Amino acid sequence: MTRIWNSVVGKLWVTILLLVSFVLFVFTVLMLEFLSKYHTQQSEALLRQEATTIARIVDEHETITSTKSIISDILSDETNAVIVDNTGKLAFSLQEGLNQDQIKDKIIGEKSFNQVFTSNKPVVKEMMLPSSTEKDHVESYIVMAFPLNSHKVNHGVVYIYQSPDAIHRTTNETTKIVFLAAAIAFILTTFFAFFLSTRITSPLRKMREAAFELAKGNFDKKVPVLQNDEIGQLGTAFNQMGRQLKHHMEVINQEKEQLSSILTSMTDAVITFNSDRTVILSNPPAELLLQKWFINKGSDSEHPIPPEIFHMLEHVIDLEEELREELELGGTYFLISISPLYSGDSVRGAVAVLRDKTEEHRLDKLRSDFIANVSHELRTPIAMLQGYSEAIIDDVVSSEDERNEMIRIIYDESQRMGRLVTDLLDLARMESGNITLYKDQVPITPVFERITQKFVQVAKEKGVELTYSSTFDDLIPISIDEDRIEQVLTNLIDNAIRHTKENGTVQVIVDQQVTYARIQIKDTGAGIPKEDLEYVFERFYKADKARTRGKGGTGLGLAIAKNIVEAHKGRITVESEVDVGTNFIFYLPLEVNQENSKA
């Protein structure tokens with residue numbers, strides 16, 4: 001029932017029924033009122049006619065009683081008569097039904113009829129009298145008082161009244177007809193209402209189902225158009241709307257996919273903010289940044305972004321202007337550009353683009369440091385070359401031995417400059433990825449022992465004890481570029497001997513760590529300060545005076561060694577403690593089938 005009431009069919013049906021019911025109700029009331037008046041008028045006319053006949057009969061006869069039988073024949077079935085003489089006494093009565101005496105006494109006693117005894121005009125009145133069919137019940141009667149022998153001054157009166165049964169029968173018959181007509185009207189109305197509304201609502205229901213399908217994203221749903229009226233035109237417009245929606249959604253999805261692909265492929269971090277400063281959208285680089293900031297700031301962070309960027313965001317949203325600044329956040333340099341996003345005339349948010357400039361800053365610093373370091377390294381040999389050359393040219397030497405000494409110094413310094421340039425070129429090739437390795441399968445222990453033995457005599461001259469030990473069997477091979485690894489080991493052993501005092505020790509230890517060969521060069525030298533350990537592999541970096549290079553050093557050996565080891569897929573580290581010693585460790589990968597073979 002609820003479903004019918006909520007439908008257009010039900011509402012239309014109820015509306016038509018209410019309209020028909022109202023019309024029938026008004027029609028019935030008016031019809032009953034009309035029939036009541038009409039019947040009353042007809043009753044009065046009939047009573048007047050019968051009263052006139054009775055009066056004429058009485059006037060023609062000498063005695064009233066002799067006319068009783070005649071009058072009885074004249075009266076209709078529902079009409080009763082009471083005749084009184086000129087003194088107001090009852091002559092006779094012709095009545096039927098119950099309560100005859102009460103009806104007669106009430107009629108004779110009615111004061112409004114007294115004027116008829118002296119007048120020739122009849123009087124008609126509706127009176128409430130006891131019912132002639134039911135006890136203790138009162139009904140409305142039409143009573144007419146008609147004069148007899150009206151030519152006399154005082155004359156008798158005939159009271160004639162009619163029972164309401166005729167009116168009741170007419171009213172009941174009329175009511176039955178009205179109710180029958182109402183039932184027929186309800187049935188026809190319901191039939192035509194449902195027929196008409198079904199013709200209207202059936203296409204509407206199909207449109208509703210199609211609208212739900214459109215809401216679910218099924219834009220291929222069509223509404224059948226079977227009519228050419230307004231509903232048919234609505235169906236055509238609905239189908240056209242579905243096609244347009246499908247087209248627009250395809251365009252939006254294509255643009256969304258393009259935007260998503262662009263954002264995903266961007267190396268810059270892109271973050272979109274709402275007007276309340278919350279993050280709406282971010283690409284993968286931005287997600288990593290947000291996670292990093294959250295971890296650094298902790299769970300007590302009020303905003304997901306650093307305060308510097310948040311203040312820029314507030315400025316952009318509040319003042320509706322673009323900002324572009326370069327900031328340093330936690331050791332990382334960012335070029336930040338924030339622009340407002342508009343919705344109509346109001347700002348609905350902002351988009352921030354963050355470009356990581358750390359590597360550029362590092363390269364700029366490296367370039368400036370490189371120029372400064374090279375200039376510093378070349379200044380001394382160039383000055384010495386220039387000074388000694390001028391001394392020879394100006395012939396300020398006093399002996400041939402001094403001249404030869406100056407020439408030797410010039411030669412040594414030129415050699416040093418040559419080594420510096422060669423090391424710089426090698427390092428540049430390595431850092432650019434152009435290093436070429438010529439790997440061979442060589443035995444681990446013999447190769448590293450041979451390289452170590454080259455420095456035994458140098459160590460003895462310095463008063464340093466140099467030892468070698470290995471846990472590998474002599475036949476265990478390793479795939480390396482022997483010349484390059486010899487360059488690494490030579491640099492590390494030479495540094496260890498030069499920075500170890502007399503009676504100190506230098507150890508070369510080769511062993512296995514999982515799938516790597518570990519080579520350690522331990523010395524008991526002066527050590528490297530803890531704050532300098534992370535910089536020892538940078539070119540031209542100088543630790544404190546205890547680790548200063550000898551005369552022939554270029555300051556590039558450790559940087560070259562690191563590049564060579566990393567080119568072999570290995571890694572190099574350093575451990576050191578001031579006045580205790582230093583331990584350089586580098587790892588080289590082993591063959592998988594040899595990782596468990598030991599001496």
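Values reported hereafter were calculated over all heavy atoms of this structure, with side chains retained and with hydrogens, waters and symmetry mates removed. Remember, predicted model here, so these are calculated numbers, not experimental data.
- By the 4.5 Å heavy-atom criterion applied to side chains, Glu405 and Ile409 are counted as neighbours.
- Looking at Lys439 and Glu482, their side chains never come closer than 4.5 Å, going by heavy atoms from C-beta outward.
- A cation-pi contact, defined as under 6.0 Å to the ring centre and within 45° of the axis, links Arg571 to Tyr587.
- Atoms NZ and CG, on Lys454 and Asp494 in that order, are 10.0 Å from each other to the nearest 0.5 Å.
- Inter-residue side-chain proximity for Tyr516 and Leu590 is flagged as unmet; no heavy-atom pair is nearer than 4.5 Å.
- For OH of Tyr411, the number of neighbouring non-hydrogen atoms (other residues, nucleotides, ligands) closer than 6.0 Å is 12 at most.
- Defined by atom type and a distance below 3.5 Å, a donor-acceptor pair is present between the side-chain atoms of Glu287 and Ser282.
- Ile309 has its side chain within reach of Ile336: a pair of non-hydrogen atoms, C-beta onward, lies under 4.5 Å apart.
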Before giving the answer on salt bridge (Lys or Arg N to Asp or Glu O under 4.0 Å), spell out for Arg450 and Glu486 the whole-Å C-alpha distance, their side-chain angles and the decisive distance to 0.1 Å. CA-CA 10 Å; Arg450 176 185 62 78; Glu486 183 173 351; 3.5 Å; yes
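- In terms of heavy-atom proximity, Ile497 sits nearest to Val464 at O-CG2, 4.4 Å.
- Between Leu323 atom CG and Leu313 atom CG the span is 10.0 Å, to the nearest 0.5 Å.
- Counting non-hydrogen atoms of other residues, nucleotides and ligands closer than 6.0 Å to CZ of Arg324 gives a total of 12 or fewer.
- Here the CD1 atom belonging to Ile338 is positioned 6.5 Å from the CZ atom belonging to Phe273, to the nearest 0.5 angstrom.
- Residue Leu492 holds its CG atom at 6.5 Å from CZ of Phe586, rounded to the nearest 0.5 Å.
- With rounding to the nearest 0.5 Å, the separation of NE2 in His568 from CG in Asp481 is 5.0 Å.
- Around atom CZ of Arg277, more than 12 heavy atoms belonging to other residues, nucleotides or ligands sit under 6.0 Å away.
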Working for side chain to side chain contact (heavy atoms under 4.5 Å, CB included), residues Val508 and Phe448: CA-CA 9 Å; Val508 178; Phe448 285 99; 5.6 Å; no
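- For Tyr333, the ring-ring contact (aromatic ring centres under 6.0 Å, His included) criterion is met by His361, not counting sequence neighbours.
- The shortest distance between side-chain heavy atoms of Thr582 and Val574 falls below 4.5 Å.
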Before you tell me yes or no, could you show the steps for Glu308 and Met312 under side chain to side chain contact (heavy atoms under 4.5 Å, CB included), namely the whole-Å CA-CA distance, both residues' side-chain angles and the distance that decides it to 0.1 Å? CA-CA 6 Å; Glu308 297 86 349; Met312 291 179 62; 5.9 Å; no
